[in-house]
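Whatever order the structure lists them in is the order used to number ligands and atoms, beginning at 1. In what follows, every heavy atom counts, from backbone to side chain, and hydrogens, waters and symmetry copies are set aside.
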Amino acid sequence: MNRYEGRRVLITGAGSGIGRATVHRILAEGGRVVAADVSAEGLKATAERAAADGVADRLTTAVLDISDEAAVIAGVASAVGTLGGLDVLVNAAGILRSEHTHKTTLDFWNTLLATNLTGTFLMIREALPALLEGEKPVIVNFSSTSASFAHPYMAAYAASKGGIQSMTHAIAGEYGKQGLRAVCVAPGSIASGMTTGRGPGLPEDADMSLFTKLMPAIGEGFAGPETVAGVIAMLASDDGAFVTGTELRIDGGTHM
Ligand SMILES: NC(=O)c1ccc[n+]([C@@H]2O[C@H](COP(=O)([O-])OP(=O)(O)OC[C@H]3O[C@@H](n4cnc5c(N)ncnc54)[C@H](O)[C@@H]3O)[C@@H](O)[C@H]2O)c1
């Protein structure tokens, strides 16, 4: 499939997990990609894989902290310049931290919201003018199963993801007549840096019996990030042409 030939794509969180898998999927389908992440080390590994696949000529990497307004303004402008416009924005960058809600400091709360919710907003605000001039423009945002189902110790994370979901609906309504689609993926039970590497960092005294829905109904446990990347590639292509203002849960049926 070459659904992305001629398509210009900016992906955040591209130095690990689902963001990185999406970079490789879009490159494999012929797209040109700017891969952004706060981790230079992560981006190096993403670029090495693209080189091994023989598609590095269509990839540019950029170190970018999505919670830093000035950096986002400069980073998006630079990405649009590199690509000569923009057709797709994939906002995969995010952090997961856990804490008892009654012990959650304002700093902890603000850090989660500043990265996940405000960072996603800043990327969208800066990318919108170029997207509205682009070809069949699409924004793919990252919600989470925690936005709709109870995930203990994750009030701040869940709030950030619920906010992203609501924001996506508003944007889909606001710009739909101009040809822009905005959708959310809501992953769950996906093996990535967040879930298996650094992990969610649950409180030491976490009551694990509260996690009643942990494992997928299908397969052999957590799935790889490429399972989400394939859905994103569908949603942001013509195959997803009638999908907007909604979210798609991708969790192997963990939450049914
Ligand atoms: N893995 C899951 O089961 C799951 C479930 C629900 C939602 N998600 C969402 O999927 C998205 C991708 O996460 P993942 O699972 O691949 O985890 P991951 O930790 O492997 O990847 C997240 C990436 O975001 C980057 N990042 C963090 N803060 C950043 C910042 N300020 N600026 C730029 N980049 C930043 C990290 O460096 C990392 O490369 C996240 O938004 C996450 O919340 C994942």
Numbered atoms and elements of ligand 1 in range of [X], under 4.0 angstrom, heavy atoms:
X: Met194; value: 13 (O), 15 (O), 17 (O), 18 (P), 19 (O), 20 (O), 40 (C), 42 (C), 43 (O)
X: Ile95; value: 27 (C), 28 (N)
X: Ser192; value: 1 (N), 14 (P), 15 (O), 16 (O), 17 (O), 20 (O)
X: Thr195; value: 1 (N), 2 (C), 3 (O)
X: Thr115; value: 28 (N), 31 (N)
X: Ser144; value: 6 (C), 7 (C)

- Query: How about Thr168 and Asn141: does a side-chain donor come under 3.5 Å of a side-chain acceptor?
  - Reply: yes
Do the non-hydrogen side-chain atoms of [X] and [Y] ever get within less than 4.5 Å of each other?
X: Tyr157; Y: His151; result: no
X: Met167; Y: Ile124; result: yes
X: Asp87; Y: Pro137; result: no
X: Asp238; Y: Arg3; result: no

- Message: Under the side chain to side chain contact (heavy atoms under 4.5 Å, CB included) test against Ile18, which residue among Ile190, Val90, Ile11, Ile250 passes?
- Response: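 One option only clears the test, and that one is Ile190.
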- Task: Please report the C-alpha distance between Arg7 and Lys136 in whole Å, then the side-chain angles of each, then the deciding distance to 0.1 Å, and finally whether the side-chain contact (heavy atoms from CB on, under 4.5 Å) criterion is met.
- Result: CA-CA 9 Å; Arg7 247 162 127 58; Lys136 300 176 184 176; 4.1 Å; yes
Check this for me - ligand 1, [X], N or O atoms closer than 3.5 angstrom, yes or no?
X: Pro187; answer: no
X: Ala92; answer: yes
X: Gly19; answer: no

Have a look at [options] and point out the one with the heavy atom closest to [atom].
atom: atom 30 (C) of ligand 1; options: Ile66, Asn141, Asn116, Thr196; answer: Ile66
atom: atom 2 (C) of ligand 1; options: Val185, Ile190, Val228; answer: Ile190
atom: atom 33 (C) of ligand 1; options: Leu96, Leu64, Asp68, Thr111; answer: Leu64
atom: atom 18 (P) of ligand 1; options: Ser16, Gly15, Gly13, Ala191; answer: Ser16
atom: atom 22 (C) of ligand 1; options: Gly188, Gly94, Gly17, Gly193; answer: Gly94

Does at least one non-hydrogen atom of [X] fall below 4.0 angstrom from an atom of ligand 1?
X: Asp37; value: yes
X: Ser143; value: yes
X: Asp65; value: yes
X: Lys161; value: yes
X: Gly42; value: no
X: Phe222; value: no
X: Pro225; value: no
X: Gly119; value: no

- Is ligand 1 under 4.0 Å from a heavy atom in the side chain of Ala186, in the backbone, in both, or in neither? neither
- Query: What part of Val38, side chain from CB on, backbone N/CA/C/O, both or neither, has a heavy atom under 4.0 Å from ligand 1?
  - Reply: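 Looking at Val38 and ligand 1, atoms from backbone and side chain both fall under 4.0 Å.
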- Query: Hey, is the main chain of Ala93 close enough, under 3.5 Å, to the side chain of Thr12 for a donor-acceptor pair?
  - Reply: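 Checked: pair present.
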- Mind checking whether Tyr153 and His100 have parallel, tilted or perpendicular rings, split at 30° and 60°? perpendicular
- Item | Member of Glu247, Lys161, Gln165 meeting the side chain to side chain donor-acceptor pair (under 3.5 Å) criterion with Ser143 |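 Answer to the side chain to side chain donor-acceptor pair (under 3.5 Å) test with Ser143 among Glu247, Lys161, Gln165: Gln165.
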- Message: Go through it in stages, so that I can follow the logic: the residues are Thr82 and Thr60, the test is side chain to side chain donor-acceptor pair (under 3.5 Å), and I'd like the CA-CA distance, side-chain angles, deciding distance and then a yes or no.
- Response: CA-CA 8 Å; Thr82 299; Thr60 303; 5.2 Å; no
- Can you tell me if CG on Leu210 sees more than 12 non-hydrogen neighbours from other groups inside 6.0 Å? yes
- Any ring-ring contact (aromatic ring centres under 6.0 Å, His included) involving residues 166-185? Give me the pairs, sequence neighbours left out, ordered by first then second residue.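 Sorted pair list comes back empty.
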- Results of salt bridge (charged side-chain N to carboxylate O under 4.0 Å, His left out) for Glu69 - residues two or more places apart only: Arg125
